[in-house]
Protein chains: 2
Amino acid sequence: MGGSGRVTLNDVAAASGVSRATVSFVLNNAPNQTISAATRERVQQAASDLGYVPHGVARALREGASRVVVLNIDWGLEGNYSRSYVRGLDDELAAHDHVLLVRHGHHTPQATQQVLDTIAPRAVLRFGEPYLTGHELDDRGGGWRDGLAAHAALQIRHLAEHGHTRMALALPDSGTPLAEARLRFAGQTAAALGLAPLASFVVPRPRSAGTSAVREFRAAHPGVTAIAGFNDDVALRTLTTLHDLGLSVPGDVAVIGYDDTEYGELVTPALTTVHIDAEAHGRLAARTALGLDTGGLVPVPARIIVRDSV
Amino acid sequence: MGGSGRVTLNDVAAASGVSRATVSFVLNNAPNQTISAATRERVQQAASDLGYVPHGVARALREGASRVVVLNIDWGLEGNYSRSYVRGLDDELAAHDHVLLVRHGHHTPQATQQVLDTIAPRAVLRFGEPYLTGHELDDRGGGWRDGLAAHAALQIRHLAEHGHTRMALALPDSGTPLAEARLRFAGQTAAALGLAPLASFVVPRPRSAGTSAVREFRAAHPGVTAIAGFNDDVALRTLTTLHDLGLSVPGDVAVIGYDDTEYGELVTPALTTVHIDAEAHGRLAARTALGLDTGGLVPVPARIIVRDSV
DNA sequence: CTGAAAGCGCTTACAG
DNA sequence: CTGAAAGCGCTTACAG
């Protein structure tokens with residue numbers, strides 16, 4: 001062993017009496033190589049005896065990419081979607097001997113380039129991108145089976161099943177590209193169900209501004225009896241403003257959330273919401289990034305968490 | 001330039017008519033090297049003309065570590081502490097030409113070893129560790145100036161200033177090593193202020209279990225008039241249980257949160273809480289990881305966000 | 001069936 | 001003041 005700490009291929013080669021190349025072939029199960037069983041055995045034994053583990057940086061230099069996948073995510077890991085997605089991504093990557101590393105915050109293209117230049121990751125993923133387009137799961141058209149469209153529809157349908165015919169989508173004030181898609185899918189669902197055209201409004205911060213916005217919206221759309229939140233945060237803020245306006249939920253107006261955060265259970269009335277298990281989405285993203293087969297991945301369908309706000 | 005995309009040191013050397021070594025010296029401002037101003041100029045011009053950017057993987061192989069710092073963090077980025085900490089860490093690292101990458105979830109030592117072997121990061125940090133010990137900022141003894149102890153004390157003091165003399169600390173059910181420290185610091189503060197010994201209890205999930213726990217605690221400690229939450233989540237859950245028990249806040253009992261999440265504003269009564277700006281802690285962690293001077297970092301003191309629950 | 005050699009892109013003693 | 005050379009640890013054509 002080379003004096004310092006690290007056990008290298010050289011050490012394994014020396015210990016097993018073969019060349020570095022042979023060790024590499026054995027350890028990587030190189031195809032088209034016919035190495036005697038005895039030699040393989042000897043090499044593997046030596047490697048494990050010495051506790052050899054390949055140096056990823058050297059390998060990355062040679063192969064052109066490290067066994068790392070980087071995930072860019074704007075900020076927190078609020079709802080169940082992002083948490084389960086990250087979990088699935090992480091697990092699947094680990095199963096294929098790769099490591100997931102995430103970057104938080106808004107990043108410039110230069111910053112992303114810096115990451116590329118610094119560690120040459122196998123891939124850099126942008127959170128939510130496939131979900132938005134719905135192209136994943138071989139389910140074109142916005143993911144009407146297991147994607148955004150399906151989940152948007154589930155939310156609207158739950159309201160319809162409770163007798164509501166006039167609804168609105170409550171949006172966050174930070175404009176997100178997802179808002180437009182959600183509005184479209186929810187609107188299509190309402191149309192398909194023969195409901196009134198879907199309205200929408202923004203719930204700004206802070207609390208007082210949200211209250212004004214909701215008051216104005218109610219005045220302009222007195223017929224609306226149910227509000228679908230773009231996410232649980234908006235739904236929770238809507239619940240708050242309704243409370244401040246002296247309205248009762250679900251008596252005066254029903255509210256449903258989206259993407260199940262842990263705070264939904266804590267308010268009164270507790271928030272009914274859409275629970276999305278995105279672990280399969282995460283695994284799929286992992287396999288796609290690695291250029292692997294994506295078949296046989298069965299996503300768990302989204303479901304409604306029934307509480308008291310609808 | 002080498003045919004494919006990447007511009008290497010070789011290309012810059014060729015373009016400026018010097019050796020690779022010279023280019024490296026110029027670009028890294030190598031000390032003890034006296035290279036003519038004209039040559040430096042020529043090299044720098046060529047580098048920028050070609051858009052040369054050093055290949056981090058090669059550099060990492062050579063230097064033994066990549067310009068990456070990995071942060072392990074159990075799960076989300078809930079409160080203001082973790083968000084501001086990550087922001088400060090990220091910014092400071094970027095200022096020193098390093099990249100922050102985070103890993104979420106619980107990780108085994110082997111998994112961490114894999115990260116080390118894969119990208120040879122300059123350092124791997126465990127979120128919250130310095131905060132817990134309070135060793136940062138040269139402020140021993142649990143961080144009574146800008147650390148955990150100071151923040152624990154601030155919370156208790158706020159309650160005391162509102163006339164409360166019997167208090168309890170509400171804890172999460174997931175045991176955290178921080179709980180013990182918080183309890184100790186808060187208890188010491190109560191003692192120093194001449195208050196009754198600090199009680200404590202756990203607020204389990206789900207909502208109904210929390211309610212039972214709080215009911216029992218109230219029965220056992222009828223004199224307690226104020227509850228300090230271990231974090232905003234616990235405080236919010238306490239608020240909920242109090243509501244379910246038909247108690248009014250702050251009339252019957254006051255509640256104060258810790259580490260300002262965005263949901264505190266949304267409940268009724270809105271949650272008074274401790275706001276911790278940990279950007280300086282993040283910057284400090286960055287400088288420490290890089291072996292840099294840590295002087296001159298002035299943390300913003302924590303402060304109380306006064307709302308309606310105390 | 002196995003080994004010697006080249007090369008991924010960089011930095012840094014070591015010579016001149 | 002500047003260049004030739006070695007080497008970080010690995011993989012993979014290419015010879016035997």
Side-chain angles (χ1 to χ4, degrees), chain A residues 1-43 46-47 50-67 97 116-120 122, chain B residues 1-43 46-47 50-67 97 116-120 122:
Chain A
M1 153 163 11
S4 83
R6 167 136 234 132
V7 178
T8 77
L9 214 50
N10 267 327
D11 302 318
V12 180
S16 47
V18 297
S19 75
R20 252 153 67 218
T22 304
V23 174
S24 177
F25 289 144
V26 171
L27 263 25
N28 293 314
N29 273 312
N32 309 332
Q33 289 301 139
T34 45
I35 295 173
S36 71
T39 303
R40 307 175 75 95
E41 175 59 29
R42 205 148 31 91
V43 169
L50 295 172
Y52 170 72
V53 20
H55 188 37
V57 173
R59 185 184 258 168
L61 180 59
R62 171 67 221 218
E63 293 187 339
S66 61
R67 303 202 176 181
D97 210 32
L116 254 24
D117 293 324
T118 305
I119 60 166
R122 181 88 41 179
Chain B
M1 146 160 22
S4 82
R6 169 135 232 131
V7 177
T8 78
L9 215 50
N10 268 326
D11 302 319
V12 179
S16 47
V18 298
S19 74
R20 256 154 62 219
T22 303
V23 175
S24 176
F25 290 144
V26 171
L27 264 24
N28 294 313
N29 273 312
N32 308 332
Q33 290 300 140
T34 45
I35 295 173
S36 71
T39 303
R40 304 175 77 93
E41 176 60 30
R42 205 147 31 91
V43 168
L50 295 172
Y52 170 72
V53 20
H55 189 37
V57 174
R59 184 183 260 168
L61 179 60
R62 172 65 221 220
E63 294 187 337
S66 60
R67 302 202 177 180
D97 209 33
L116 254 24
D117 293 324
T118 306
I119 60 167
R122 182 88 41 179

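- Taking a pair as Watson-Crick or G-U wobble with both distances under 3.5 Å, the runs of three or more consecutive pairs in DNA chain D are C:1-3 with D:14-16, C:5-12 with D:5-12, C:14-16 with D:1-3.
- In this structure, CG of A:L27 is placed 10 Å from P of D:dC10, rounded to the nearest angstrom.
- Using a 4.0 Å heavy-atom distance criterion, B:V18 is classed as a sugar-phosphate-only contact.
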Nucleotides 11-16 of chain C: protein proximity per nucleotide (B base, S sugar-phosphate only, - neither; heavy atom, under 4.0 Å): BBB---
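- Scored by the side-chain hydrogen bond (donor to acceptor under 3.5 Å, both in side chains) test, B:R40 finds B:N29 as partners (sequence neighbours excluded).
- Checked against salt bridge (charged side-chain N to carboxylate O under 4.0 Å, His left out), B:R67 has the following partners two or more places apart in sequence or in another chain: B:E63, B:D97.
- Scanning for side-chain contact (heavy atoms from CB on, under 4.5 Å) contacts around A:A14 gives an empty result, with sequence neighbours left out.
- Rounded to a whole Å, the CG atom of B:D11 is 11 Å from the P atom of C:dC8.
- Partners of A:T22 under the side-chain hydrogen bond (donor to acceptor under 3.5 Å, both in side chains) rule, at least two apart in sequence or in another chain, are A:S19.
- Taking only side-chain nitrogens and oxygens, B:T39 never comes nearer than 4.0 Å to OP1 or OP2 of D:dC1.
- In this view, A:T8 and A:R6, A:N10, A:D11 satisfy the side-chain contact (heavy atoms from CB on, under 4.5 Å) rule, not counting sequence neighbours.
- For the pair B:N10 CG and C:dC10 P, the computed distance is 8 Å after rounding to whole Å.
- Separating the CG atom of A:L61 from the C1' atom of C:dG7 is a distance of 9 Å, rounded to the nearest angstrom.
- Side-chain proximity of B:S36 to the nucleotides C:dT2, D:dC1, D:dC10 is greatest for D:dC1.
- Applying the side-chain hydrogen bond (donor to acceptor under 3.5 Å, both in side chains) criterion to B:S24, with sequence neighbours excluded, gives B:N28.
- Considering CZ of A:R59 and CG of B:D117, their distance stands at 10.0 Å, rounded to 0.5 Å.
- B:S16 meets the side-chain hydrogen bond (donor to acceptor under 3.5 Å, both in side chains) test with no other residue; sequence neighbours excluded.
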